[in-house]
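All chains are named by letter (A, B, ...) in the order of the sequence lines, taking the proteins before the strands, and each is independently numbered beginning at 1.
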Number of protein chains: 2
Amino acid sequence: MKIHVLTQKTGLQPPTIRYYEKEGLLDRRHVERRDNNYRDYTEDAVEHLLLIKRVQAAGFTLKEIKAIMKEEEGNKLELSRAIEFLQKKMKEMDRRKRELEQSQSLLARMLANKLALLEKNET
Amino acid sequence: MKIHVLTQKTGLQPPTIRYYEKEGLLDRRHVERRDNNYRDYTEDAVEHLLLIKRVQAAGFTLKEIKAIMKEEEGNKLELSRAIEFLQKKMKEMDRRKRELEQSQSLLARMLANKLALLEKNET
DNA sequence: ATAAACTATAAAGTATACTTGAATGTCAAA
DNA sequence: TTTGACATTCAAGTATACTTTATAGTTTAT
């Protein structure tokens with residue numbers, strides 16, 4: 001499919017998708033070139049980009065995402081090192097989750113305060 | 001306390017703390033100037049900066065954090081609008097948490113694969 | 001008293017993740 | 001066939017969140 005179709009399926013913009021490719025987040029499995037030099041995306045590209053979006057929204061940088069993706073493929077790292085890497089990432093996510101929960105409870109307290117005030121005013 | 005002491009208590013660097021002040025994340029409650037023009041931080045500044053760190057680690061920008069802080073003070077916004085604001089932020093955090101959990105389960109699957117491989121190799 | 005350590009400001013530089021602009025090429029429909 | 005929509009590259013611009021550099025004033029220790 002052409003880039004425009006992919007933008008509709010992913011919600012990303014053409015320059016963003018090209019940028020990701022330039023940064024090495026897409027490969028032969030996701031894009032090829034046609035005779036006219038236009039990019040031709042596979043169906044896999046859709047899933048792949050949506051995955052990138054999710055992981056990115058979870059707070060990872062493109063660099064980290066690339067490392068994770070590469071790792072997914074890779075027997076470049078040996079097994080034990082790959083496991084170490086993934087466990088480190090898991091811990092990072094746990095930490096982020098805790099921080100998120102703490103912030104959330106802060107907001108919850110603020111919200112409770114406001115709601116109490118509202119109650120008072122209405123009584 | 002002087003800026004150096006605050007850096008030790010927060011783990012932030014002097015220019016970062018000054019930058020936060022410039023960006024309006026600190027006010028009279030947190031900093032004052034002495035006769036020599038040196039900044040003099042209150043104990044409140046410590047808690048405040050650590051809070052900023054946590055909320056930031058949860059994925060919020062300084063601008064958003066500032067908005068939340070301002071709101072915490074503020075009867076600038078009327079009550080109902082404040083509540084709306086906080087509820088919106090809560091939803092954002094829920095979404096972020098879900099994305100984090102999805103990414104985490106992705107990593108968990110990858111990790112499970114690696115561990116299975118490891119098992120196999122050892123048998 | 002003077003060097004070392006700390007403080008200040010202002011401006012420029014850096015990294016990340018894009019977005020925008022300029023110039024050009026390709027294709028599909030009227 | 002020519003106009004409009006879409007594609008390409010490359011370079012420059014933007015926003016966020018700092019960090020670094022340069023210059024200068026202040027305080028502390030010896």
**Student:** Give the residues of residues 23-51 of chain B touching DNA chain D, defined as any heavy atom closer than 4.0 Å, sorted by residue number.
**Tutor:**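 By residue number: B:N36, B:Y38.
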**Student:** The criterion is side chain to side chain donor-acceptor pair (under 3.5 Å); which residues satisfy it with B:N37, sequence neighbours excluded?
**Tutor:**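 Only B:R33 meet the side chain to side chain donor-acceptor pair (under 3.5 Å) criterion with B:N37.
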**Student:** With sequence neighbours left out, write down each residue that passes side chain to side chain donor-acceptor pair (under 3.5 Å) with A:D27, or none if nothing qualifies.
**Tutor:**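 Partners of A:D27 under the side chain to side chain donor-acceptor pair (under 3.5 Å) test: A:R29, A:H30.
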**Student:** Any side-chain heavy atom of B:E99 sitting closer than 4.5 Å to one from A:Q56?
**Tutor:**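 In short, these two side chains do not touch, never coming nearer than 4.5 Å.
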**Student:** Please give, in whole Å, the distance from C:dA12 C1' to B:K22 NZ?
**Tutor:**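 Atom NZ in B:K22 sits about 12 Å away from atom C1' in C:dA12.
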**Student:** I need the NE2-C1' distance between A:H4 and D:dA5, as an integer number of Å.
**Tutor:**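 Going from A:H4 (NE2) to D:dA5 (C1'), I get 9 Å.
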**Student:** In this structure, how many angstroms lie between the P atom of D:dA7 and the CD1 atom of A:I17, rounded?
**Tutor:**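 Between P of D:dA7 and CD1 of A:I17: 10 Å.
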**Student:** With sequence neighbours left out, which residue pairs that include part of residues 7-25 of chain A fulfil the salt bridge (charged side-chain N to carboxylate O under 4.0 Å, His left out) condition?
**Tutor:**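 Every pair satisfying salt bridge (charged side-chain N to carboxylate O under 4.0 Å, His left out) with a residue in residues 7-25 of chain A: A:K9-A:E43, A:E21-A:R39.
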**Student:** Quick test of your reading of the model: are B:E71 and A:K114 salt-bridged, counting only N-O distances below 4.0 Å?
**Tutor:**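 Counted as a salt bridge, because a side-chain N and a carboxylate O are separated by less than 4.0 Å.
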**Student:** For each nucleotide in nucleotides 17-22 of chain C, reading 5' to 3', give B when a protein heavy atom comes within less than 4.0 Å of its base, S when such contact involves only the sugar-phosphate, and - otherwise.
**Tutor:** BBSB--
**Student:** Partners of B:D40 by side chain to side chain contact (heavy atoms under 4.5 Å, CB included), sequence neighbours excluded?
**Tutor:**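 Counting only residues at least two positions away or on another chain, B:D40 forms a side chain to side chain contact (heavy atoms under 4.5 Å, CB included) with B:R34.
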**Student:** Mind calculating the distance between CD (A:E21) and C1' (D:dA7) to the nearest angstrom?
**Tutor:**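 Checked: the CD to C1' distance equals 13 Å.
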**Student:** Quick one: salt bridge (charged side-chain N to carboxylate O under 4.0 Å, His left out) partners of A:K89, sequence neighbours excluded?
**Tutor:**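 A:K89 satisfies salt bridge (charged side-chain N to carboxylate O under 4.0 Å, His left out) with A:E64, A:E92 only.
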**Student:** Are any protein N/O atoms closer than 3.5 Å to N/O atoms in nucleotides 12-14 of chain D? If there are, list each pair with its distance.
**Tutor:**
none

**Student:** Please list all pairs passing the salt bridge (charged side-chain N to carboxylate O under 4.0 Å, His left out) test where one or both residues lie in residues 49-63 of chain B, with sequence neighbours left out.
**Tutor:**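 Checked against salt bridge (charged side-chain N to carboxylate O under 4.0 Å, His left out) - neighbours excluded - no pair reaches residues 49-63 of chain B.
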**Student:** To the nearest Å, how far apart are B:I65 CD1 and D:dT16 P?
**Tutor:**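 These atoms are roughly 13 Å apart.
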**Student:** Can you list every pair that meets ring-ring contact (aromatic ring centres under 6.0 Å, His included) and has a residue in residues 4-24 of chain B, with sequence neighbours left out?
**Tutor:**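 Pairs touching residues 4-24 of chain B that pass the test: none.
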**Student:** For residues 44-51 of chain A, dump all side-chain donor-acceptor pairs below 3.5 Å to protein atoms at least two apart in sequence or in another chain.
**Tutor:**
from  : atom 1 : to    : atom 2 : distance (Å)
A:H48 : NE2    : A:L25 : O      : 2.7

**Student:** Nearest-Å distance, CD (B:E64) to C1' (D:dA15)?
**Tutor:**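 In whole Å, D:dA15 C1' and B:E64 CD are 13 Å from each other.
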**Student:** Whole angstrom is fine here: how far is it from CZ in A:R18 over to C1' in D:dC10?
**Tutor:**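 Answer to the nearest Å: 12 Å.
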**Student:** Figure out the NZ/P separation between B:K2 and D:dT27, and round it to whole Å.
**Tutor:**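 To the nearest whole Å, that distance equals 8 Å.
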**Student:** Residues in side chain to side chain contact (heavy atoms under 4.5 Å, CB included) with A:D94, at least two apart?
**Tutor:**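 If we apply the side chain to side chain contact (heavy atoms under 4.5 Å, CB included) test to A:D94, skipping adjacent residues, the hits are A:R98, B:Q104.
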